[in-house]
**Q** 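Quick one: this structure, given as C-alpha cells, is what I'll be asking you about.
Numbering starts at 1 and runs along the sequence shown. Scope of the values below: all heavy atoms of this structure, side chains included, with no hydrogens, waters or symmetry mates.
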Amino acid sequence: ARMALLEKWGYPIVAFTGMPDGKSQHRCPTAITIDDGWYSTWSEMLPILEKHNYPATIYLTTYYCLNQAPVIDVVLTYCFSVLNTRERRTLHLPEYGFGPVSIDSDETSSKALATIRDICASLEDDSARQRLVKAVCEEAGVDHAELMAGRWFHIMNPEEVKDAARRGVTFEPHTQHHRITHQGQDSLADEIAINREYIQKLTGNTGKHFCYPSGRFTSSLWPVLERCQIDSATTTEIGLVDEKTPPYAMPRILDGQYVSELEFEAEMSGFLELTRMVRRVGKKQS
C-alpha cells in the first residue's frame with residue numbers, strides 16, 4: 001500500500017547513495033532503506049519493489065543470516081506481547097530457576113522479560129539460548145514449530161541475500177551481531193569489519209553506508225566510522241535530509257503498521273518536518 005501511494009503521489013524513488021549533494025535532477029528524491037534483512041523483506045517486500053521498479057537498500061545484520069535461527073530478543077519480546085495476562089498470572093520456567101513470577105501488569109511483565117533476557121545472556125551458547133526461547137514460547141502459548149516453519153523471526157539466508165542483490169537490492173552494513181558494544185567494551189569497528197566482510201562475499205558490495213543498530217548513537221562514535229571509511233550513517237531519528245545534515249546522523253521517515261496514511265503523507269510532504277522546525281525555534285527563543 002505504501003509503495004502504491006508513493007507511485008500515486010509521484011515521489012521519485014532513487015537509489016540510496018548517502019548524503020545529497022544538491023545536484024539531484026529530482027524534487028523530493030526519496031530513497032527506500034530497510035533494516036536488518038528479515039526473511040519477509042525477501043519473500044513479501046521484494047516482489048512489490050520489483051513491481052514498482054523501485055530500488056532499495058537493506059542494512060543487513062549478518063550473524064543470524066549465517067546462523068539460521070529466530071532472532072532471540074525479538075522472539076522473547078513477541079512472546080510477552082501475546083501473553084494473555086488476564087488468564088495467565090504467573091510465568092514459571094523451573095529448569096532455568098525462573099519463577100513463578102507475576103506477570104499480571106505491564107510493570108511486572110516488563111521485569112519478567114528483562115530477567116529472562118539476563119538468563120538468556122548468561123547461557124553458554126546459542127543452542128542453549130534457543131532452547132530457552134522454545135521454553136518461553138511454550139509458556140506463552142506460542143506455537144514454536146509454526147514459528148520456525150514460517151521463519152517469522154528469521155533473517156534472510158545467504159542464498160536469499162544473493163538473490164536479492166541480483167534483483168537490484170543494495171546491501172549495506174548494520175553490524176554482525178546488531179550491537180556496538182560487547183561486555184561493556186566498544187566493539188563497533190570489529191562489528192563493522194566482520195559485517196562488511198560477509199556482505200562483500202555475498203553481494204560484492206564493499207559497504208560504505210552504515211545504519212546504527214536500534215538507532216542508538218552518539219557523536220563519540222563518528223571518529224570510529226571515519227576510521228572505518230564509512231561515508232554515511234543512518235539513525236532512527238525522524239526527519240528529512242538536506243546538505244546541512246551531519247553525514248553520520250542522517251534521520252529518516254520511519255514507517256510501520258502503526259503509522260496512519262495521513263501521518264505518512266504529512267511526513268512525505270514535509271509538513272511534520274516544518275512543525276518540528278517551528279517547535280525547535282520556539283524552544284530556543286524561550
Side-chain angles (χ1 to χ4, degrees), residues 1 34-45 58-158 160-161 174-183 211-216 236 254-260:
I34 311 159
D35 288 2
D36 302 329
W38 296 101
Y39 163 70
S40 58
T41 300
W42 176 81
S43 65
E44 307 300 326
M45 189 172 187
I58 293 176
Y59 294 112
L60 180 68
T61 182
T62 39
Y63 177 80
Y64 281 108
C65 168
L66 302 165
N67 301 276
Q68 281 290 298
V71 179
I72 290 172
D73 193 56
V74 182
V75 181
L76 293 177
T77 301
Y78 173 74
C79 285
F80 274 76
S81 75
V82 299
L83 273 170
N84 188 336
T85 54
R86 285 176 294 183
E87 294 180 0
R88 190 64 177 275
R89 314 296 289 185
T90 61
L91 201 64
H92 191 200
L93 298 168
E95 63 270 42
Y96 294 97
F98 176 82
V101 171
S102 174
I103 52 168
D104 58 356
S105 69
D106 289 343
E107 182 180 359
T108 57
S109 184
S110 295
K111 287 181 179 178
L113 174 56
T115 301
I116 287 179
R117 284 174 173 160
D118 289 342
I119 293 171
C120 195
S122 72
L123 297 176
E124 64 271 19
D125 56 33
D126 206 42
S127 295
R129 289 187 279 272
Q130 290 295 339
R131 288 194 294 272
L132 171 60
V133 166
K134 185 177 180 181
V136 173
C137 285
E138 291 171 353
E139 276 289 287
V142 174
D143 190 328
H144 183 263
E146 184 181 3
L147 178 152
M148 294 292 289
R151 297 175 67 194
W152 295 0
F153 302 107
H154 281 63
I155 299 296
M156 60 180 72
N157 65 36
E160 290 156 354
V161 171
H174 194 38
T175 72
Q176 165 77 344
H177 296 94
H178 206 265
R179 66 192 183 201
I180 60 175
T181 61
H182 183 51
Q183 297 180 343
C211 178
Y212 299 101
S214 303
R216 295 188 296 268
T236 53
L254 300 177
D255 193 19
Q257 66 196 80
Y258 301 113
V259 178
S260 69

**Q** Would you say W42 and V161 make side-chain contact, with heavy atoms under 4.5 Å?
**A**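 In short, these two side chains do not touch, never coming nearer than 4.5 Å.
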**Q** Please enumerate all residues that pass side chain to side chain donor-acceptor pair (under 3.5 Å) together with T181, with sequence neighbours excluded.
**A** none
**Q** For T175, check side chain to side chain donor-acceptor pair (under 3.5 Å) against everything at least two apart and list the hits.
**A** none
**Q** Go through the steps for Y64 and I72 under the test side chain to side chain contact (heavy atoms under 4.5 Å, CB included), then give the verdict.
**A** CA-CA 10 Å; Y64 281 108; I72 290 172; 3.4 Å; yes
**Q** May I ask you to test the V259-L254 pair for a side-chain heavy-atom distance under 4.5 Å?
**A**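 With C-beta onward as the side chain, the pair stays apart.
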**Q** Nearest 0.5 Å, please: how far is SG in C137 from CG in L76?
**A** 8.0 Å
**Q** Mind checking what makes ring pair (Phe, Tyr, Trp, His ring centres under 6.0 Å) contact with Y96, not counting sequence neighbours?
**A** none
**Q** So, using ring pair (Phe, Tyr, Trp, His ring centres under 6.0 Å) as the criterion, who are the partners of H178 when residues are at least two apart?
**A** H174
**Q** Any pair with a residue in residues 112-132 that passes side-chain hydrogen bond (donor to acceptor under 3.5 Å, both in side chains), sequence neighbours left out, goes on the list, sorted by first then second residue, please.
**A** D73-R117, T77-R117
**Q** Taking distance alone, no hydrogens or angles, what donor-acceptor pairs closer than 3.5 Å link side-chain atoms of residues 140-151 to residues at least two apart or in another chain?
**A**
from: D143; atom 1: OD1; to: A145; atom 2: N; distance (Å): 3.1
from: D143; atom 1: OD1; to: E146; atom 2: N; distance (Å): 3.0
from: R151; atom 1: NH1; to: E160; atom 2: OE2; distance (Å): 2.7
from: R151; atom 1: NH2; to: Q68; atom 2: OE1; distance (Å): 3.1
from: R151; atom 1: NH2; to: E160; atom 2: OE1; distance (Å): 3.0

**Q** Going by the rule side chain to side chain contact (heavy atoms under 4.5 Å, CB included), which residues pair with T108 if we only count those two or more places apart in sequence or in a different chain?
**A**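 For T108 the side chain to side chain contact (heavy atoms under 4.5 Å, CB included) partners, ignoring immediate neighbours, are S102, D104, S105.
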**Q** Please list, chain by chain and in numerical order, all residues satisfying ring pair (Phe, Tyr, Trp, His ring centres under 6.0 Å) with Y212, sequence neighbours excluded.
**A**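 Listed in chain order: F210, F217.
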**Q** How long is the straight-line distance from CD1 of I119 back to CG of L132, given to the nearest 0.5 Å?
**A** 7.0 Å
**Q** If the condition is salt bridge (charged side-chain N to carboxylate O under 4.0 Å, His left out), which residues does K111 pass it with, not counting sequence neighbours?
**A** E107
**Q** List in chain and number order the residues that pass side chain to side chain donor-acceptor pair (under 3.5 Å) with W38, two or more places apart in sequence or in another chain; answer none if no residue qualifies.
**A**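 Side chain to side chain donor-acceptor pair (under 3.5 Å) check on W38 returns D36.
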**Q** With no hydrogens and no angle check, is any side-chain donor or acceptor of T61 less than 3.5 Å from a backbone partner on Q176?
**A**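 Yes; at least one donor-acceptor contact below 3.5 Å.
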**Q** Is any side-chain heavy atom of L91 closer than 4.5 Å to a side-chain heavy atom of I116?
**A**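 They are in contact (side-chain heavy atoms under 4.5 Å apart), so the answer is yes.
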**Q** Could you work out, with ring pair (Phe, Tyr, Trp, His ring centres under 6.0 Å) as the rule, every residue matching F153, not counting sequence neighbours?
**A**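 Result, ring pair (Phe, Tyr, Trp, His ring centres under 6.0 Å) vs F153: Y78.
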**Q** Side-chain contact, heavy-atom cut-off 4.5 Å: S214 with T236?
**A** no
**Q** Applying side chain to side chain donor-acceptor pair (under 3.5 Å), can you list everything that pairs with Y59, at least two apart in sequence or on another chain?
**A** T234
